[in-house]
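In what follows, a structure is listed as structure tokens, so that the remarks can point back to it.
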Protein chains: 2
Amino acid sequence: MFATYFAIMTYTKATAFGEEQQELAKMAKVLSHPARIAILQHLARTQRCISGDIAQEIPLSRTTVSQHLQELKSAGLIKGEIDGLTVCYCIDKEQFTKAAAMMATFLQQVASSYDCDCQPNPIPA
Amino acid sequence: MFATYFAIMTYTKATAFGEEQQELAKMAKVLSHPARIAILQHLARTQRCISGDIAQEIPLSRTTVSQHLQELKSAGLIKGEIDGLTVCYCIDKEQFTKAAAMMATFLQQVASSYDCDCQPNPIPA
DNA sequence: AAAGTATGTCGCAAACATACGTCATACTTA
DNA sequence: TAAGTATGACGTATGTTTGCGACATACTTT
């Protein structure tokens with residue numbers, strides 16, 4: 001107990017990243033591969049929910065595309081329904097919108113930060 | 001020459017990812033680690049351009065934080081000015097805003113896509 | 001000049017991501 | 001029921017990222 005406290009206090013700095021920081025990083029990670037961007041764009045553009053034809057649109061093997069789809073799915077950004085032989089994927093609009101809003105808010109906050117002129121630390125607190 | 005053509009044509013699908021897809025993925029990758037999110041938030045929040053004090057705010061060693069700073073810098077999202085002993089980092093507002101806008105547009109486009117009900121491929125083109 | 005401080009760079013180990021061939025599953029159609 | 005097709009899961013090779021200690025650099029202060 002004391003030991004635990006001590007261990008924590010020894011670390012002057014933050015002990016872990018915040019919930020939101022981890023959420024944002026996770027969202028960003030999902031988007032951090034061109035194949036997954038391409039898949040999302042394709043799903044957004046197409047009128048119908050294309051299944052494995054997606055692999056036709058992307059310069060990767062079917063296996064690899066399937067993996068990327070799994071990743072997008074387990075992140076909750078898309079959903080897939082089995083319909084007989086084929087699987088119909090589409091954007092999970094609700095979840096995607098939520099995650100996108102969080103990301104957009106973060107970007108907005110950082111972008112609208114005060115424009116620094118890189119002066120040396122003014123008040124060495 | 002013919003061989004090259006043949007090699008290209010053999011690939012029915014796209015040969016490479018688009019410029020924009022790669023740009024977006026790159027931006028996302030930079031944001032795909034909680035430490036880098038935390039650093040950006042910290043820089044945005046702080047009135048003055050903190051240098052190595054950043055390491056105090058983050059649950060990682062100074063070395064590792066320095067690396068993350070380098071990554072943000074080489075992605076152009078932040079800039080750092082040496083001022084004697086310390087280095088003053090801050091958001092590169094122009095570049096960050098540009099990248100953020102690109103990302104926000106992409107998210108918006110996907111989020112505002114048509115809401116699919118996952119019917120089986122209607123017209124098997 | 002010597003000691004001190006803020007930083008960055010190097011090199012390594014461990015963890016993770018990517019790509020893809022092959023195999024397993026489950027449905028369709030003949 | 002057998003052949004065919006669309007998929008996902010498994011295994012594995014190869015590459016990339018992360019984290020950090022130890023060292024190098026460059027400036028400041030005494």
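Order of the sequence lines fixes the chain letters, A, B, ..., with proteins taken first and strands second; residue numbering starts at 1 for each chain.
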Original post:
Which salt bridge (charged side-chain N to carboxylate O under 4.0 Å, His left out) pairs, counting each pair once, include a residue from residues 87-102 of chain A, with sequence neighbours left out?
Top reply: none

Original post:
Looking only at heavy atoms, which two atoms of B:S113 and A:I91 are closest? And how far apart?
Top reply: OG-CG1, 3.9 Å

Expected list for residues 29-39 of chain A: side-chain donor-acceptor pairs under 3.5 angstrom, two or more places apart:
residue, atom, partner, partner atom, Å
A:S32, OG, A:K29, O, 2.6
A:H33, ND1, A:A35, N, 3.0
A:R36, NE, A:V30, O, 2.6
A:R36, NH1, A:H68, ND1, 2.9
A:R36, NH1, A:E71, OE1, 3.1
A:R36, NH1, A:E71, OE2, 3.4
A:R36, NH2, A:K29, O, 3.3

Subject >> Residue pair A:Q41 / B:L24, side-chain heavy-atom distance below 4.5 Å >> reply: yes

Original post:
When you measure from the side chain of A:S66 to the backbone N and O of A:R62, does any donor-acceptor pair fall under 3.5 Å?
Top reply: no

Original post:
Backbone N or O of A:I54 within a donor-acceptor pair of the A:E57 side chain at under 3.5 Å?
Top reply: no

Set out, line by line, the N/O atom pairs under 3.5 Å between protein and nucleotides 8-10 of chain D.
residue, atom, partner, partner atom, Å
D:dG8, OP1, A:Y89, OH, 2.2
D:dG8, OP2, A:S66, OG, 3.1
D:dG8, O6, A:R62, NH2, 3.3

Subject >> Separation of atom CD in B:E81 from atom C1' in C:dG8, rounded to whole Å >> reply: 17 Å

Original post:
Excluding sequence neighbours, so at least two apart, what forms side chain to side chain contact (heavy atoms under 4.5 Å, CB included) with A:K73?
Top reply: A:Q70, A:I78, A:Y89

Original post:
Within the pair A:S61 and C:dA19, is there a side-chain N or O less than 4.0 Å away from OP1 or OP2?
Top reply: no

Subject >> Proximal nucleotide (of C:dT18, D:dT18, D:dC20) relative to the B:L60 side chain >> reply: D:dC20

**OP:** Keeping the roles fixed (side chain from B:T64, backbone from B:L60), state whether a donor-acceptor pair exists under 3.5 Å.
**Re:** no

**OP:** Check the pair A:L72 / A:K79 against side-chain contact (heavy atoms from CB on, under 4.5 Å), numbers first and verdict last.
**Re:** CA-CA 8 Å; A:L72 286 164; A:K79 48 190 177 181; over 6 Å; no

Subject >> Interface residues of residues 21-45 of chain B with DNA chain D (non-hydrogen, below 4.0 angstrom) >> reply: B:K29, B:H33, B:R36

**OP:** Tell me whether the OP1 or OP2 atom of C:dA19 has a side-chain N or O from A:H68 closer than 4.0 Å.
**Re:** yes

Subject >> Distance in angstrom units between A:D53 CG and D:dT5 P, rounded >> reply: 15 Å

**OP:** List the atom of A:L40, the atom of A:F96, and the distance in Å for their closest heavy-atom pair.
**Re:** CD1-CE1, 4.1 Å

Subject >> Distance-minimising heavy-atom pair for A:P59 and B:F17 >> reply: CD-CE2, 3.6 Å

Subject >> Reading 5' to 3' through nucleotides 24-30 of chain D, protein heavy-atom contacts under 4.0 Å coded B for base, S for sugar-phosphate only, - for none >> reply: --BB---

